[in-house]
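Data first, discussion second: the structure below is written as structure tokens.
Each ligand, and each atom within it, is numbered from 1 in the order the structure gives.
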Amino acid sequence: MAGLILGIETSCDETAAAVVAGGRRLLTNIISSQIELHQPFGGVVPELASRNHLENINLIIQEALAAAGVSWKDLDGIAVTYGPGLVGALLVGVTVAKAIAFARRLPLVGVNHLEGHIYANFLAHPHLEPPFVSLVVSGGHTDLLHVLGYGRYRILGRTRDDAAGEAFDKVARVLGLGYPGGPQIEAAAREGNPGAISFPRAVVKDAPFDFSFSGLKTAVLNYLNRSRQRGEIINAADVAASFQEAVVEVLVERTLAAAARCRVDRVAVCGGVAANSALRSLFQAQSAGTGIEVLYPPPVLCTDNGAMIASVGYYRLQAGHTAPLDLNAVPNLPLENWG
Ligand code: KG4
Ligand code: ZN
């Protein structure tokens, strides 16, 4: 099987479709971002997201096929994100994928969005094979996983409250930096001093690989309130840099400790926050001399895309996992082992 898979992703605020060969080779990766649509509201408005997906999805799919020079009959399967995510947004992709699978008699594969993020590293690094440790850091997740094989995961730790990306978004909002917060904080932090303010690094008792970011977010809020009450001038760049430092420090430290514990020599970082350059620099600095190699996808494959979904779809299809045509969206879909 040539393994040409069309991957469809509509779980949040990106309408995306891609064609991937053999789970690893990207032919096209078309992404329509809704950032401008949600920007005036300071965050994703679910109802607007669904409607916009609906308007764009057919066009995005057509574009993905046309740019790849692929027609329907060349495809070996349709992969679609069915969770976790916003239910109305997920339903657009799931419904379109089911309709195509039915009309074109193609196998349908349901894909977990979180698993998709991990597989972005298979696209970026064609020779990467399990086992490795993966840090998934996005707007919805902060999970540390031992990837034992395709479809075989052991959860080592996760956030107890806010996801790292969510913390970036919330802190950006209180600093008046706008949405999405991650790239804004990163840009502001470049002008600031990461050592200016000492924000807390939370440790979760008896869970060395878990995270907690809500206390950090509160600490930033308290700092801002206190400074305002005292009439002090707030240096937003220093706040952004100090906050970012607090987040990336715990991410790097716990991930490298997990890699050592699992005795793996490779770490694959993924999800929107993996695009952050401070995170990448600290990983590079801290992993030097440890024998642990830290891998990332390029930024376009860190944030949501259809290619990562097509990659999972390929491996699931190879393992014989197709979805029925009554596949439904599952907003809180857990990561399951299938391999
Ligand atoms: O993976 P993603 O596109 O969507 C989810 O599955 O959540 O991740 C989006 C998240 C947002 O919270 C965004 O602020 C964050 O990733 N993000 C970043 C950066 N780029 C995106 N966070 C820190 N630094 C960045 N450069
Ligand atoms: Zn995502």
Hey, can you tell me if F122 and Y150 have their rings parallel, tilted or perpendicular (30° and 60° cut-offs)? tilted
So, does H113 sit close enough to ligand 1 that a heavy atom of it is under 4.0 Å from the ligand? yes
I'd like to know if the side chain of R228 pairs up with that of Y223 as donor and acceptor (distance under 3.5 Å, no hydrogens or angles considered). no
Does E55 pair with R51 as a salt bridge, N-O distance under 4.0 Å? no
Which ligand 1 atoms are under 4.0 Å away from a heavy-atom of H117? 1 (O), 6 (O)
Output, in order, the C-alpha distance, side-chain angles, deciding distance and verdict of salt bridge (Lys or Arg N to Asp or Glu O under 4.0 Å) for R173 and E166. CA-CA 11 Å; R173 201 175 311 163; E166 195 180 351; over 6 Å; no
If we number the atoms of ligand 1 from 1 as shown, the ones under 4.0 Å from a heavy atom of G165 are 12 (O)
Indicate yes or no for a side-chain donor-acceptor contact from Q34 to the backbone of A49 under 3.5 Å, with no hydrogens or angles considered. yes
Just by distance, do the side chain of H53 and the backbone of S11 share a donor-acceptor pair under 3.5 Å? no
N/O of T303 under 3.5 Å from N/O of ligand 1, yes or no? no
Shortest protein contact, atom 12 (O) of ligand 1 (heavy atom only): D169 OD2, 2.7 Å
Taking distance alone, with N or O pairs closer than 3.5 Å, would you say F168 contacts ligand 1? no
Ligand 1 to P180 polar contact by distance, N or O atoms, under 3.5 Å: no
Run the numbers for me: atoms of ligand 1, each under 4.0 Å from some heavy atom of G140, listed by number. 7 (O)
I78 versus A97, closest heavy-atom pair with distance: CG2-CB, 3.8 Å
Looking only at N, O or S atoms in D304, which is nearest to the Zn ion (ligand 2)? OD1
min-distance protein heavy atom vs atom 10 (C) of ligand 1 -> G139 N, 3.4 Å
To the nearest 0.1 Å, how far is atom 26 (N) of ligand 1 from its closest protein heavy atom, and which atom is that? E186 OE1, 2.7 Å
Closest protein heavy atom (residue, atom, distance) for atom 22 (N) of ligand 1: G182 CA, 3.2 Å
Is the closest basic N to carboxylate O distance between K170 and D162 below 4.0 Å? yes
Look at the side chain of T81 and the backbone N and O of G83, then say whether any donor-acceptor pair between them is shorter than 3.5 Å. no
Are any of the N or O atoms of N276 closer than 3.5 Å to those of ligand 1? yes
State whether the shortest distance between N or O atoms of G272 and N or O atoms of ligand 1 falls below 3.5 angstrom. yes
Would you check if the Zn ion (ligand 2) lies under 2.8 Å from any N, O or S atom of H117? yes
Consider ligand 1: state whether an atom of it lies below 4.0 angstrom from any non-hydrogen atom of C12. no
Looking at the Zn ion (ligand 2), is there an N, O or S atom belonging to H113 that lies under 2.8 Å away from it? yes
Would you please indicate yes or no on a ring centroid separation below 6.0 angstrom for Y179 and F41? no
Where does D304 meet ligand 1, judged by heavy-atom distances below 4.0 Å: at the side chain, the backbone, both, or neither? both
Residue pair N276 / Q244, side-chain donor-acceptor N/O under 3.5 Å: yes
